[in-house]
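Remarks on the structure that follows.
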Amino acid sequence: MNLFSDIRALVIEALAALEAEGVLPRGLATDAVSVEPPRDAGHGDMATNAAMVLAKPAGMQPRAIAEALAAKLAADPRVVEATVAGPGFLNLRLSNSVWQGVVRAALSYPAFGRSLLGQGKRVNVEYVSANPTGPLHVGHTRGAVFGDALASLLAYAGFDVTREYYINDGGAQVDVLARSAYERYREACGQAPEIAEGLYPGDYLVPVGETLKDKYGDSLLDKGEQFWLAEVREFATAKMMELIREDLALLNVHMDVFSSEKALYGTGQIEAAIDRLRGMGLIYEGVLEPPKGKTPEDWEPREQTLFRSTAHGDDVDRPVKKSDGSWTYFAPDIAYHFDKVNRGFDALIDVFGADHGGYVKRMKAAVSALSSGRVPLDIKLTQLVKLWKNGEPFKMSKRAGNFVTLRDVVEQVGPDVTRFTMLTRKNDAPLDFDFAKVLEQSRDNPVFYVQYAHARVQSVLRKARDAGVAVDDASLAAADLTTLSHEAELKLAKQVAEWPRVVEIAAKGNEPHRIAFYLYELASDLHSLWNRGNDDVSLRFLQEGDAATTQSKIALIRATAVVISAGLGILGVTPMDEMR
RNA sequence: GGUCCCAUAGCUCAACUGGAUAGAGCAGCUGACUUCUAAUCAGCAGGCUGGGGGUUCGAGUCCUCCUGGGAUCGCCA
């Protein structure tokens, strides 16, 4: 259930009735009519902009519409009061039984908050997609956490989600990997490795060199690249993917599909995708203009095969072939996205690092062209993560040499803290990650704040059980909730009622951070109510000798815990039952 | 120079996609532990939403031009 859509339906119904009565002209478009909680709770429980939105098309004063609408709505048993305010807002106050119903709904349906928004549409979320040349670093960590939470959010909102990783194993960087691994192999064979400039220096290749020695003995030693490059490349790439899967597992990230760039070569898929574009007149041989304003010194005009991405919103056309005739990185990526379109997805989402910002328009152009505009592609960029430790920037890793790894972070602070912290920021804003701060167990640290709220509820449940009160969800859902009427209690119930709405808003915008912020507010309302019990004994959850009232109060906080648990589930964070 | 992102309280960030008097936390000040866990809560104080124009009933949000920061810009992926 979603109370806000229920009330919106009521408003639309009332508008239709007014049309039928001739109060309003017929045929008004009601798309822009919204029902939202007012920013100031003092105004009421719900507000609708209907009168203001319709005033112009109806040719009426907003207040006149609002008053007619108010009279209609006030007849509904759920509405206690309907008042016109300001320029034409209509504020509704709902009866206590509505909020009691929300509590019951949260307990009765495990799917409370789950939404039909997605209608089972198939969405592909591609994230991480790091080059298989080493362990994941902090930038990947943010992308992994964001993409995974987004995927869970969409699944919760009713989409059929596929989590996918695109392995960039087709370019020159995997040759570099192979050469780097070969040096470690020589090292394992007792020779001195020569890690030349441009090779990967990290320690993580040492064990790869050793396993190469186990496999090949010294048969690859002192031979030219042509004898070992392909084999070592394949071997090392596979090892790196193992490493990456292990890194992801540390964060509890698990992909449904791994797609390989290399696998696209030699299958005709790239050619097919490009031919498809060519058939639309979007591929041509041409010479690009130098970048406007700033011509590189070594600029030379050269003829290349170009994709007319400008026909689909890009600023300049983009090369799909290098001047030597080989594919650019873009070409297999076009083929890969074409493949995703052909697999029948209704929508595609790519999660990229901020350094891929310049890539967004051309990719959207390609998908737009290849799907004839049918499949929307949303690209979310995750901005940089800046690490801090004791007030100092934190840069180096023992393991990787020149960057901090995912493993470094997760081993220090754990997956829950890593995930939650990285989700308490919009993806397009830079993130400061302070090792000391995220481990602090205080209000300053949202992870602990939210988990503590959940643990507090579970603690009360244990106490109630010990006191012989039935607090299983079925009993609570069947309990008499009419005693839940104190404004402090209703405030928490109203916050619980927001949950389905938050899910939809977050899912529509592909913005999982909204879940994190909502959970913080919900936790805050719970802590607040808890402390009200210090002064006002009647607000304490356990009412000695009054099992019925106790049940109703526990139903409320259990409903809260159910929502916290569902929300943390989306974020991939464990709800704690105890935090001693 | 082109493109994209960002700019909100002293600090770190929200703001329900155009709604009413812009909200939290931290830092500062004042209070609440005989308790269902004080890892918490209540209160005070803190703002020309970087600047100028525009769009409309209404702008932190949309358009435009500046300023400042970040990313990126054909044979890297």
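The sequence lines fix the lettering, A, B, ..., with proteins before strands; numbering per chain opens at 1.
Position along RNA chain B of the nearest nucleotide to A/T328 versus A/L529 favours A/L529 as the more 5'-ward residue. Comparing A/V460 and A/P319 against RNA chain B, the residue whose closest nucleotide sits nearer the 5' end is A/V460.
Heavy atoms of A/K321 sit nowhere under 4.0 angstrom from any nucleic acid atom. A/D324 comes within contact range of no nucleotide atom at all, as no heavy-atom separation falls under 4.0 Å. Residue contacts shown for A/R318 are absent, as no nucleic acid heavy atom lies under 4.0 Å away. Across all strands, A/A85 comes closer than 4.0 Å to base atoms (heavy-atom distances). Residue A/G357 is classed as having no contact, given no heavy-atom separation below 4.0 Å to the nucleic acid. Note on A/R456: only backbone sugar-phosphate atoms sit closer than 4.0 angstrom, heavy atoms only; bases stay farther off. Counting any heavy atom pair closer than 4.0 Å across all strands shown, A/E498 reaches no nucleic acid atom. Within the 4.0 angstrom heavy-atom criterion, no nucleotide atom of any strand lies near A/Y518. Residue-level contact check: A/F541 touches the bases, meaning some heavy atom is under 4.0 Å from a base atom. Within the 4.0 angstrom heavy-atom criterion, base atoms lie near A/P301. A/A55 comes within 4.0 angstrom of nothing in the nucleic acid, heavy atoms only.
With respect to A/K380 and A/D350, no salt bridge is recorded, no charged nitrogen being found less than 4.0 Å from a carboxylate O. One finds a salt bridge joining A/E489 and A/K553 here, because a Lys/Arg side-chain nitrogen approaches an Asp/Glu carboxylate oxygen to under 4.0 Å.
Straight-line distance between the C1' atoms of B/A42 and B/G50: roughly 35 Å, to the nearest whole Å. The gap from the C1' atom of B/C4 to that of B/G43 amounts to 44 Å, rounded to the nearest Å. On the P atoms, B/G19 is 11 Å away from B/A59, given to the nearest whole Å. For the C1' atoms, the distance linking B/G1 with B/C63 amounts to 23 Å, nearest Å. Remark: the separation of the C1' atoms in B/C16 and B/U61 is 12 Å, to the nearest Å. Here, B/U72 and B/A77 have their C1' atoms 14 Å apart, quoted to the whole Å. One P atom belongs to B/G58, the other to B/G54, and the distance between them is 13 Å to the nearest Å.
Among B/G19, B/U17, B/U40, the nucleotide with an atom closest to any side-chain atom of A/E511 is B/U17. Out of B/A20, B/A71, B/U40, the shortest distance to the side chain of A/D355 is found at B/A71. The A/S528 side chain lies nearest to B/C41 when the options are B/A71, B/G19, B/C41. Of all nucleotides listed (B/G19, B/C36, B/A20), B/G19 comes nearest to the side chain of A/M52.
Nucleotide B/U72 forms a pair with B/G2, judged by Watson-Crick or G-U wobble geometry with both contacts under 3.5 Å. Pairing partner, B/A24: B/U12, with both Watson-Crick or wobble hydrogen-bond distances short of 3.5 Å. For B/A7, the paired nucleotide is B/U67, the pair qualifying as Watson-Crick or G-U wobble because both relevant distances are below 3.5 Å. The partner of B/G47 is absent, by the rule that a Watson-Crick or G-U pair needs both atom distances under 3.5 Å.
Applying the 90° cutoff around 0 to the glycosidic angle, B/U17 is assigned syn.
Ring-plane geometry between A/Y336 and A/Y166 is classed as parallel, the angle between the planes falling under 30 degrees on a 0 to 90 degree scale with a further cut at 60.
In this structure, A/F89 packs face-to-face on the six-membered ring of B/A20, meeting both the 5.5 Å centre cutoff and the 30° plane limit.
Figure legend: cation-pi geometry between A/R362 and A/F307 absent, as NZ or CZ is not positioned both under 6.0 Å from the six-membered ring centre and within 45° of its axis. Cation-pi geometry between A/K322 and A/W327 is not met: the NZ or CZ atom fails to fall both under 6.0 Å from the ring centre and inside 45° of the normal.
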For the pair A/H43 and A/F89, evaluate ring pair (Phe, Tyr, Trp, His ring centres under 6.0 Å) and give the outcome as yes or no after the intermediate values.
-> CA-CA 10 Å; A/H43 289 135; A/F89 281 104; 8.1 Å; no
Would you sort out whether A/H513 and A/F146 count as a ring pair (Phe, Tyr, Trp, His ring centres under 6.0 Å), showing the intermediate values?
-> CA-CA 9 Å; A/H513 76 274; A/F146 176 84; 8.6 Å; no
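Counting distance only, with no hydrogens placed and no angle test, the side-chain atoms of A/N91 and the base atoms of B/A20 include a donor-acceptor pair under 3.5 Å. If you check distances only, the side chain of A/R425 never reaches the base of B/C13 with a donor-acceptor pair under 3.5 Å.
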